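Note sheet for the following structure.
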Protein chains: 2
Amino acid sequence: MPTDDAAPTSFDLDHFLPYRLNSLADRISQALARLYETRHDLSVAQWRVLAWLHHREQLTAKQIREATRMDKARVSRAVQALEDRGLIRRRPSPEDQRRHELRLTEAGLALLEELIPEARAWEAELVAPLSVDEYRQLFELMARLEGQLGRLEGE
Amino acid sequence: MPTDDAAPTSFDLDHFLPYRLNSLADRISQALARLYETRHDLSVAQWRVLAWLHHREQLTAKQIREATRMDKARVSRAVQALEDRGLIRRRPSPEDQRRHELRLTEAGLALLEELIPEARAWEAELVAPLSVDEYRQLFELMARLEGQLGRLEGE
DNA sequence: GGGAAATGGTTGCATATGAAACCAACAGGG
DNA sequence: CCCTGTTGGTTTCATATGCAACCATTTCCC
């Protein structure tokens, strides 16, 4: 816990974690988004929905919302777009007509089988300068921050 | 460089760096943005402009754009809003009439003297679960990724 | 010097997004 | 069973933002 408490004035954004983190994440996200968007015409939200469906097979919008922490509306729109493109199928849940069960279609699966390796390759290039250990540590640290964030929000 | 090359299908977004990083950064940024916004009615862009001006004393829009990597337009609008509120002053540069020199006003400075400690305190809470060393390492790793990103973009 | 290209900054436009209102289906007391 | 409250999901509205066109000034080069 670096408490540089005293320091009265001088403030450098470059040493401010939220700023640095956000600016790095934005850059990464945008670079990657270009890849999804130009090559496959997918938004980030759409890609996330697809990826989760690939991972979990069958989900409802709510579950995706919880997994990704995206806004209701954002999920809803992504789902709609994907359905329109025939990449996912959506049918009312038998036990609750409000819910819709979402699944990949064949086309969706095919697209993902193409996309995932691309994404992985891109990530690999990005993290090339990190050792395996450093890579792991980065995740560790992020997880720790997420935990703390949850604690801070949860009160 | 974790090359888990083979792995044909299974893909978990939670282990995908761009996703995790972005989602963490977004959460942090939003939480903090609420602080700026509700307490001082500042957008993130505006906060960044102010913070840089606090740090560097006098800057042009372009310099801010370079420092923050924000869009021209975003900077321009933030600057305008800040000027309207009397938090910064803007005057044409003597040696180039296109440029405007930006500076904090007294009011702007006063606001920052209030805001900066708040921001610092918030950050301190966030990173409370990290040791000083881990905190440093996190910056180190982020810097490494930024470097790589630059390399990837620059070709 | 004078026209072409470059540069700092602003504005118009299209799109993405979050918040809130809304709608339909379900749950639970009375 | 109704009637109220809740919940999954959609839609509407206001705002933020990136891109591109634009304007004014400066610089380059002949």
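Keep in mind that what you see is a predicted model, and the values were worked out from it rather than measured. Chain letters run A, B, ... following the sequence lines, proteins first and then strands; every chain starts at 1.
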Legend entry - nucleotides 10-22 of chain D: protein proximity per nucleotide (B base, S sugar-phosphate only, - neither; heavy atom, under 4.0 Å): BBB----BBB---
Legend entry - Main-chain N/O of T60(B) paired with Q63(B) side-chain donor or acceptor, under 3.5 Å: yes
Inset, instruction - Return the value, rounded to whole Å, for the distance between atom CZ of R91(B) and atom C1' of dG9(C). - result: 18 Å
Inset, instruction - Return the set of residues passing side-chain contact (heavy atoms from CB on, under 4.5 Å) with R39(B) (not counting sequence neighbours), or none when no residue passes. - result: L35(B), E118(B)
Inset, instruction - Report the residues that fulfil side chain to side chain donor-acceptor pair (under 3.5 Å) with D84(A), sequence neighbours left out, ordered by chain and then residue number. - result: none
Inset, instruction - In whole angstrom, give the distance that lies between atom CG of L59(B) and atom P of dG8(C). - result: 14 Å
Legend entry - Within residues 68-81 of chain B or reaching into it, pairs that qualify as side chain to side chain donor-acceptor pair (under 3.5 Å) - sequence neighbours excluded: none
Inset, instruction - Applying side chain to side chain donor-acceptor pair (under 3.5 Å), name anything that partners R85(B), two or more places apart in sequence or on another chain. - result: none
Inset, instruction - Please name all residues satisfying side chain to side chain donor-acceptor pair (under 3.5 Å) with Q58(B), sequence neighbours left out, ordered by chain then number. - result: E101(B), R103(B)
Legend entry - Between C1' of dA25(C) and NZ of K62(A), the distance in whole Å: 15 Å
Inset, instruction - Not counting sequence neighbours, which residues clear side chain to side chain donor-acceptor pair (under 3.5 Å) with H15(B)? List them please. - result: none
What does the list of N/O pairs under 3.5 Å between the protein and nucleotides 24-28 of chain D look like, with a distance for each?
| residue | atom | partner | partner atom | Å |
| --- | --- | --- | --- | --- |
| dT25(D) | O2 | R98(B) | NH1 | 3.2 |
| dT26(D) | OP1 | Q97(B) | N | 2.7 |

N/O donor to acceptor pairs below 3.5 angstrom from side-chain atoms of residues 19-29 of chain A, sequence neighbours left out:
| residue | atom | partner | partner atom | Å |
| --- | --- | --- | --- | --- |
| Y19(A) | OH | A67(B) | O | 3.3 |
| R20(A) | NH1 | D14(A) | O | 2.9 |
| R20(A) | NH2 | E146(B) | OE1 | 3.1 |
| R27(A) | NH2 | E153(B) | OE1 | 3.3 |

Inset, instruction - Provide, to the nearest angstrom, the distance between the CD atom belonging to E101(B) and the P atom belonging to dG9(C). - result: 10 Å
Inset, instruction - Quickly work out the E83(A) CD to dG9(D) P distance and round it to whole Å. - result: 13 Å
Inset, instruction - Starting at atom CD of E66(B), determine the distance to atom C1' of dG8(C), rounded to an integer number of angstrom. - result: 11 Å
